[in-house]
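See below for the structure under consideration.
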Amino acid sequence: MKAFIVAALLVTGAGFACGPFFQFAVFTYQRHPDMPRSVFVGGKLGVLQPSYARSYLVVAYRHLAGIGFDLPEREQLVSYWKARATGQWDKSDTDWQERWFSSVDRVPGVPTRIPKKLTAGALTFNPDTNAFELYCAEDAYRNAVHTLDARVAQFGRTSAPVKEWALAQTQVFSNCDGQKAIPAPPSADLPQVIAKDRAYQIAAAHFYTKQYETAHREFLAIAADPSSPWKTIAAYLAVRVVSRVDAAAAAEQAEQILANPKLPSIHGMTYALLRRLMVEQDNPEYFHALSKLLVSHGQGNGLNEEMWEFTRLFDDFSGYDAWDLPSDVTNKKIDLKPLGRDDLPDWIATFQGLRTDSAAHSYSRWKSTNTPLWLVAAIARAQPKTTQARELIEAAEALPATSPGYQTAAFHRLRLLIDSGQGQAARPVLDSMLASGQLNRSSTNLFRSLRMRSAPDLSDFLRFAQRAPLMITFSHDSGEVWPLERSDDKPASDVRLLRLDQDSVSVLNRAAPLVVWQHAAENTGLAPNVHRDLVIAAFTRAVLLGAEPTTQALAPGVAAAFPRLAPFTRDNTSFGLAFLLLHAPESTIYARPGVGRETEPGKIDSYRDNWWCANKTAEDARSYAEKQAPPAPAVLFLTPDDRNSAAAEAKKLLAAGSGATYLSRVVLAFAKAHPDDPRVPEALHLAVRAKRYACDAGEDPNVTRDCFRFLQNRYPKSEWARKTPVWF
């Protein structure tokens, strides 16, 4: 029953250039909480991430501060996310128009008709104001549904008062389709609340039919009636009516509402109206007012609009928007003055690390307030082995499990213990947390990450390194947008498969020596897809490192995981191993996170994801962020000697060059020494092909030329020469 002007269509999204786009496994949501968001809105926050979109951090703040949300405010949040084009992510949005028809259809004796959609009809666009005028917007139907429910509860669905109310409201909504219908004045025998409703219905009908002077007078009368349940919203709608004919007068009346401390529930929507009336409000004072409103109870009328304006201004002051990756914030200009004036934006900016002194500031705020709100911010920013960390660990341990901040505080408490070398002490607590059944899927993977780091041996490490992704999406989807985990032309990989996350592959690739790789490849407790990838990576590492006993030990595993390679595993010479790997474009010296290589084993990948790259420290050059992989986290089971051995081996692996270059050199040397070996022509062909399709095809092109010339000059009539007409 509220009216709205929509001056612009605002849609959250991102424009993406042409592909290729590669599949990407999300193990922990970084941009939004787990689905459905109703759990998060209800106060079960899981482990909060500083990279969440700020609307979610506003929700977290209110719960951590003990404010929470009532039902109308929760509905406003749903409306906000629906307007951000995220309502279908968890099917949280409601079609209030359809729900109204469904509800009123159950009232006997009330004929209903379906008006046109909200964005259709003569009243949709006003060329004079260059604005969309959606009189019967969603909130009108939402309020009607709730009012009907309340009257049914009070009088009964088949009662005369409910029938009278529903007939009048049906008339009101008929005006949305261009009709001219005004409900009759209430009869003397109607209950008082129905009579008060009727006065509001009549005013709304006059508004919808553009009888602005009459509607304004009626809304003012309702606002002055202390017994009317519509007195507060009527004060706002009186200004809304004036805005249709006199923007300056509407702005003046809006300021009067904002100055009235008895009307906080409509302040947010009034601020939004002022902005749409082109009154300059993009200033710190406006942001200050919004910050106060967002932490106040009773924002069920305007929280949607308050959230839009608050997040927009926060982006302006912080210098980046919600689609930036955290690493993109560096060197951005941040205006901390408006962000630090009120507790809400101060907490968000500090929790997100926008302040250079976020750790010290959050600790100071916690010490002065002693609240879970600032404890969460402080412990999330704390560094291990400090006095502050010890204090925060003790405080987090005392936080009750019923606190909305419990899981975030517990996660960082255990993180600090592990980073301080106390992984053994953290392990039983982690086991208890994981067995509690209280963690959502995203938080489960975060705690499994900590449990992996505290593992006493490799087997335990691998057990917790394997995790179930939350979604399989695509590399351009930096916002973890649903439903981009599916594509019409290429179904995403099976989300049910266990996979390795970035933290575990960083440990293997950067800190684990070959002996650990061998034991990992021989582990029978791994998921088949994980085991297959580790087998070929461990075997390839052993080949490059010249570890003949290891290649012999792993050969049966290679034959079992890749049956087509079994015939090649019998020759453990340098050439024999190179010949095998040339038949395996999936061979690599790295473990890869998430989906990994998308092309099936034995097939050439169209985007050169074949063999291994040269001088790459990033495990997956095609990660969606395309950033260098982070350093390997500290893990309990690896010793300093293990790490030293891994570092020495890494130098040898990098010196060997890319897969295509390394294999071509081995083949060429063998061909010159053993030109009569029947495998040589095929090997030379495969070497040239590898350089064409390898991920680092530009390295040392001379070796490709030499392989090509040797093949064409020495074996010109072979089928392999015919298959190799050019070199690259």
Side-chain angles (χ1 to χ4, degrees), residues 30-33 40-41 43-69 73 77 80 268 284 286-297 299 303 306-322 324 326 329 332 334-383 388 391-392 395-396 399 403-413:
Q30 299 295 319
R31 312 307 286 159
H32 55 75
F40 185 81
V41 173
K44 295 183 178 180
L45 305 180
V47 180
L48 292 172
Q49 299 300 299
S51 50
Y52 279 175
R54 294 185 183 117
S55 63
Y56 302 117
L57 294 181
V58 171
V59 174
Y61 177 97
R62 285 185 59 132
H63 282 298
L64 290 168
I67 301 169
F69 296 89
E73 289 172 331
L77 283 175
Y80 171 81
Y286 181 28
F287 187 65
H288 167 64
L290 290 169
S291 299
K292 293 295 186 184
L293 286 170
L294 278 174
V295 298
S296 302
H297 289 289
Q299 297 303 305
L303 190 139
E306 293 164 20
M307 191 77 84
W308 269 104
E309 293 296 280
F310 175 83
T311 53
R312 178 184 65 83
L313 287 172
F314 199 115
D315 290 348
D316 290 344
F317 294 133
S318 67
Y320 79 109
D321 61 36
D324 283 339
V329 180
K332 294 288 183 73
I334 299 175
D335 187 355
L336 287 176
K337 187 173 181 180
L339 298 181
R341 181 175 178 181
D342 297 288
D343 202 54
L344 170 63
D346 185 27
W347 182 83
I348 293 176
T350 305
F351 185 67
Q352 289 193 311
L354 301 183
R355 302 175 58 109
T356 56
D357 64 341
S358 289
H361 179 69
S362 57
Y363 175 78
S364 174
R365 294 289 289 130
W366 169 65
K367 293 293 286 185
S368 63
T369 63
N370 194 30
T371 60
L373 177 74
W374 282 102
L375 171 61
V376 165
I379 200 167
R381 288 287 153 193
Q383 298 300 312
Q388 292 88 343
E391 285 186 73
L392 292 165
L399 198 65
S403 170
Y406 173 74
Q407 290 185 17
T408 305
F411 174 82
H412 289 289
R413 169 169 65 94

>> Restricting to salt bridge (charged side-chain N to carboxylate O under 4.0 Å, His left out), what partner residues turn up for R413, sequence neighbours left out?
In response: none

> Between atom CG of L294 and atom CE of M307, what is the distance when rounded to the nearest 0.5 Å?
Replying inline: 6.0 Å

>> Could you tell me if R54 sits above the aromatic ring of F310, with its cationic atom closer than 6.0 Å to the ring centre and no more than 45 degrees from the axis?
In response: no

> Are the side chain of S291 and the backbone N or O of F287 linked by a donor-acceptor pair below 3.5 Å?
Replying inline: yes

> Rounded to the nearest 0.5 Å, how far apart are CZ of F411 and CD1 of I379?
Replying inline: 11.0 Å

> side chain to side chain contact (heavy atoms under 4.5 Å, CB included) between D343 and L373: does it pass, once the steps are laid out?
Replying inline: CA-CA 10 Å; D343 202 54; L373 177 74; 3.4 Å; yes

> Can any side-chain N or O of Q49 pair as donor or acceptor with the backbone N or O of Q30 at less than 3.5 Å?
Replying inline: no

> Rounded to the nearest 0.5 Å, how far apart are NZ of K292 and CG of L290?
Replying inline: 12.5 Å

> Among all residues two or more places apart in sequence or in another chain, which pass the salt bridge (charged side-chain N to carboxylate O under 4.0 Å, His left out) test with R381?
Replying inline: none

>> Using 0.5 Å steps for rounding, measure from the CG atom of L77 to the OH atom of Y56.
In response: 10.0 Å

> Is the side chain of R31 donor-acceptor paired with the backbone N or O of Y52 at a distance under 3.5 Å, no angle test?
Replying inline: no

> Passes side chain to side chain contact (heavy atoms under 4.5 Å, CB included), H412 versus V376? Steps please.
Replying inline: CA-CA 9 Å; H412 289 289; V376 165; over 6 Å; no

>> Keeping H63 on the side-chain end and V41 on the backbone end, is there a donor-acceptor pair under 3.5 Å?
In response: yes

>> Could you walk me through whether T408 and L64 satisfy the side chain to side chain contact (heavy atoms under 4.5 Å, CB included) test, starting with their C-alpha distance in whole Å, then the side-chain angles of each, then the deciding distance to 0.1 Å, before giving a yes or no?
In response: CA-CA 11 Å; T408 305; L64 290 168; over 6 Å; no

>> Can you tell me how far apart CZ (F314) and CG (L344) are? Round to the nearest 0.5 Å.
In response: 8.0 Å

> Considering residues at least two apart in sequence or located in another chain, which fulfil the side chain to side chain donor-acceptor pair (under 3.5 Å) criterion with H32?
Replying inline: none

>> As an exercise, state the distance from OG of S318 to CD1 of I348, rounded to the nearest 0.5 Å.
In response: 10.0 Å

> Can you name the side chain to side chain donor-acceptor pair (under 3.5 Å) partners of Q388, sequence neighbours left out?
Replying inline: none

>> I'd like to check the side-chain contact (heavy atoms from CB on, under 4.5 Å) partners of A395; sequence neighbours left out, ordered by chain and number.
In response: W366, L375

> For E391, which residues count as a side chain to side chain donor-acceptor pair (under 3.5 Å) partner, sequence neighbours excluded?
Replying inline: Y363, K367

>> Could you walk me through whether Y80 and L303 satisfy the side chain to side chain contact (heavy atoms under 4.5 Å, CB included) test, starting with their C-alpha distance in whole Å, then the side-chain angles of each, then the deciding distance to 0.1 Å, before giving a yes or no?
In response: CA-CA 8 Å; Y80 171 81; L303 190 139; 6.0 Å; no

